[in-house]
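Heads up, the thing below is written out as structure tokens.
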Amino acid sequence: MKLSTPAAQFASLYDGTPKLIMVGTDTGPEPGTIPLRILRLVRHDGGYLLLSGNDGADDGADEGAALRTLAIPPAAVRAVWCGDEAARRDAEHLLGWWEGAGGPDSAPPQVTGDASTLLRGLLAQAFGEIDGLHRRNAGLQRTLSTLREEWGRSARLPPEAVELLDALRLSPPRLVFATPRPVGALPVPLRHGRNPAGAAEIVQRLPTGARGLAGLDLHLDQAPKGSGVLAVALTGVETGEPLAEWTLSFGELRSGWLPLRLPVASTRMDRLLDLRIGATGVVTEALRLSLAQAGLLDEYAVAPAARAVGQPAMLALRLWSGLPGLEYGAAAHLASHPAPDHLVWPLTQPVLAQLRKGRDFEATFPWFGLLRGGRILLHPLHGVVTAAHIPLDEVPGAMAVRARAVIDDPRCRTPIACKLVVAPPSVTVDEAEREEGVLASSGWMVLEEARRPLDLSAVLAAPWSGPMALHLFTDIPDRGHGLYGRTVFSDFELEIDSRTAWANPPVLPAAADGIAATP
């Protein structure tokens, strides 16, 4: 069975409004009789057409109207109503397709008869929903009572509750995705006003959904020379609706990172996003966007297809996320620099995988390594200071580096000293330990007992942009053997200064202020 709908009505089929599908009848209930949106199933061109209200009920669809084939059943359909026995076959075809596309027991109930029969069926369905709601509410109350009783007996919160509280903290926007260092460039196609809209544009699928998205950074390999406009649009793939649109004059662009921000972190639920980039004008040197290797993320390769060092490429970009609906920074839509002063860049597993030993030692037990969850093991050894370092490339405007250290073996009874040092790549391990020529240091701090974490913070005197190295040190202050002194570093993050992180000032969408936060 082929089921289609006009393209203009496609998105409305999947909203939360309760719906009723009418089959084979021209007279429905009077307006206002039932609080449901009416959909009509009519035959059209060897298949079926699903229409809203009375649109096209006579001939199925307007001539030349764009149609979209349905692969997923419409949402929130309460019933399929057959006005007479002649329409039963069409209704059975629809329900058979529904079971195949949506799975067993997914089809709505079928009602055959007049309007009063339909109203009785909907009323019985409503009473059944109310009874089910009462049962679920009673079960929820019992669950809450059990949870409250368990929490009253235990002094320690469950790990799930701790993670939830951490996620709900109103922290600065966090970096959720970053491509590797740019290794190529892609010119932005230039179109003139005579060309049709949408022609000659770059399309980049983003590896994140819309919910919580606070903005993104694009890397410009070369700013254009000439006059014109760069247009960037962020669009939901499923709905085709824009989330945000940015329009920038060529005279405002500089080579380097271009931050594109939303007025508030998005509350939209789109799972697939496309970034569409085009330019209009006349130039002597074209605008070029930097490319990075896509690696295993072939599905996020840029279109038109490009390659970076012989591999599929994607645009060099960074994605920032926050709490949905939260406005970051006071009066962001009025400020000259709407991005918040500080941003947080958590160091994830791929970045921490560059971990290296600072000094080579031999021991009969594991004393160094990268553990699951982005944790680093640096067990102190008798009579020496153990060291490790993490090289970082392209750090934008770093102000501080933070980490957490803990002795995770409860059998340890020896205090362990640890230190975090930030230094340029040219500084050696010995110089970093002596804090010669470094950018910042947390100083030696002592872990007094096991399982009690200690926060390490190295604050830079001025923002630093460029490559840097993070050095980790552990030592045994009393010169003992440090039995079971298994020291683990985790929760690495960089605090970034927005004023020095980008060559271009942050840009808000050119559309209405609330476009990015509209549900």
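Keep in mind it's a predicted model, so treat the numbers as computed, not measured.
- A donor-acceptor pair under 3.5 Å links the side-chain atoms of Gln349 to the main chain of Gly374, judged by distance alone.
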Next on the checklist: Determine whether Leu186 and Ile202 satisfy the following criterion, side-chain contact (heavy atoms from CB on, under 4.5 Å), listing intermediate values before the conclusion.
Outcome noted: CA-CA 9 Å; Leu186 176 66; Ile202 295 174; 3.7 Å; yes
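- Side chains of Leu262 and Leu243 form no contact here, defined as non-hydrogen atoms less than 4.5 Å apart.
- A pairwise comparison of heavy atoms in Val429 and Ala387 identifies CG1-CB, 3.8 Å as the closest pair.
- Taking CG of Leu323 as the start and CZ of Arg211 as the end, the distance is 8.5 Å to the nearest 0.5 Å.
- Taking 4.0 Å as the cut-off between side-chain N and carboxylate O, Arg452 and Glu449 count as a salt-bridged pair.
- In this structure the side chain of Val406 never reaches within 4.5 angstrom of the side chain of Leu454, judged on heavy atoms.
- Not one N or O on the side chain of Glu245 forms a donor-acceptor pair closer than 3.5 Å with the backbone of Val232.
- With hydrogens and angles ignored, the 3.5 Å screen pairs no side-chain donor or acceptor of Ser465 with any backbone N or O of Pro463.
- Between Val421 and Leu439 there is no side-chain heavy-atom pair separated by less than 4.5 Å.
- Here Asp274 pairs with Arg205, Arg276 under the salt bridge (charged side-chain N to carboxylate O under 4.0 Å, His left out) rule; sequence neighbours left out.
- Inspection of the Glu435 and Ser441 side chains reveals an N or O donor paired with an N or O acceptor under 3.5 Å.
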Item to check | Leu470 and Leu347: CA distance, side-chain angles, deciding distance, side-chain contact (heavy atoms from CB on, under 4.5 Å) verdict | outcome: CA-CA 11 Å; Leu470 307 184; Leu347 300 186; 3.7 Å; yes
Checklist entry - Which is it for Leu352 and Phe489 under the side-chain contact (heavy atoms from CB on, under 4.5 Å) test, yes or no, and what are the steps along the way? => result CA-CA 11 Å; Leu352 298 177; Phe489 295 83; over 6 Å; no
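- Within the 3.5 Å criterion, the main-chain N or O of Lys419 finds no donor-acceptor partner in the side chain of Ser442.
- Here the side chain of Asp409 pairs a donor or acceptor atom with the backbone of Arg411 at under 3.5 angstrom.
- At least one donor-acceptor pair closer than 3.5 Å links the side chain of Arg413 to the backbone N or O of Pro410.
- Ion pairing between Asp221 and Arg288 holds under the 4.0 Å rule for side-chain N and carboxylate O.
- His389 approaches Gly358 most closely through the heavy-atom pair ND1-CA, 4.2 Å.
- Contact between Ala400 and Val459 at its shortest, heavy atoms only, is CB-CA, 4.1 Å.
- In this structure, Phe368 and Leu355 have side chains that are in contact, with non-hydrogen atoms separated by less than 4.5 Å.
- Between the side chain of Gln204 and the main chain of Leu315, a donor-acceptor pair closer than 3.5 Å is present.
- In this structure, Tyr14 contributes its side chain and Ile72 its backbone to a donor-acceptor pair below 3.5 Å.
- By the neighbour-count criterion of 12 heavy atoms within 6.0 Å, atom CZ of Arg271 is sparsely surrounded, having that number or fewer from other residues, nucleotides or ligands.
- Contact of the Pro509 side chain with the Pro263 side chain is registered, since non-hydrogen atoms from C-beta on lie closer than 4.5 Å.
- Pro346 is listed as a side-chain neighbour of Leu175, based on a closest heavy-atom distance under 4.5 Å.
- Residues Arg359 and Asp430 are paired through a salt bridge, judged by an N-O separation under 4.0 Å between the basic side chain and the carboxylate.
- With a 6.0 Å radius and a threshold of 12 heavy atoms from other residues, nucleotides or ligands, Leu140 has its CG atom above the threshold.
- Residues Val344 and Leu494 have side chains not in contact (no heavy-atom distance under 4.5 Å, counting atoms from C-beta outward).
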Checklist entry - Going through the distances and angles, do Arg174 and Glu493 end up as a salt bridge (charged side-chain N to carboxylate O under 4.0 Å, His left out)? => result CA-CA 10 Å; Arg174 303 179 71 85; Glu493 64 180 27; 3.3 Å; yes
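- Minimum interatomic distance between Arg261 and Gly215 (heavy atoms only, all atoms of both residues): NH1-C, 3.9 Å.
- Heavy atoms only, all atoms of each residue included: Leu287 and Leu230 are closest at CD2-CD1, 3.7 Å.
- To the nearest 0.5 angstrom, Gln311 atom CD is 4.0 Å from Gln293 atom CD.
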Checklist entry - Between Asp15 and Lys19, does a salt bridge (charged side-chain N to carboxylate O under 4.0 Å, His left out) hold up when you go through it step by step? => result CA-CA 10 Å; Asp15 58 18; Lys19 306 172 187 68; 3.1 Å; yes
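- Judged by distance alone, the side chain of Ser321 and the main-chain N or O of Gly212 form a donor-acceptor pair under 3.5 Å.
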Checklist entry - Going through the distances and angles, do Asp217 and Leu317 end up as a side-chain contact (heavy atoms from CB on, under 4.5 Å)? => result CA-CA 5 Å; Asp217 299 341; Leu317 52 84; 6.0 Å; no
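- Checking side-chain atoms of Asp475 against main-chain N and O of Pro477 turns up no donor-acceptor pair under 3.5 Å.
- Rounded to the nearest 0.5 Å, atoms CE (Met468) and CG (Asp393) are 11.5 Å apart.
- Closest approach of Trp246 and Leu234 over heavy atoms only: CZ3-CB, 4.1 Å.
- Salt bridge status for Arg356 with Asp360: absent, with no side-chain N to carboxylate O gap under 4.0 Å.
- Trp320 is not listed as a side-chain neighbour of Leu213, based on a closest heavy-atom distance of 4.5 Å or more.
- For the pair Arg318 and Trp345, the cation-pi criterion (under 6.0 Å, within 45° of the ring axis) is fulfilled.
- Classified by interplanar angle (parallel below 30°, tilted 30° to 60°, perpendicular above 60°), the ring pair Phe365/His379 is tilted.
- Thr386 and Thr474 share a side-chain donor-acceptor pair at under 3.5 Å.
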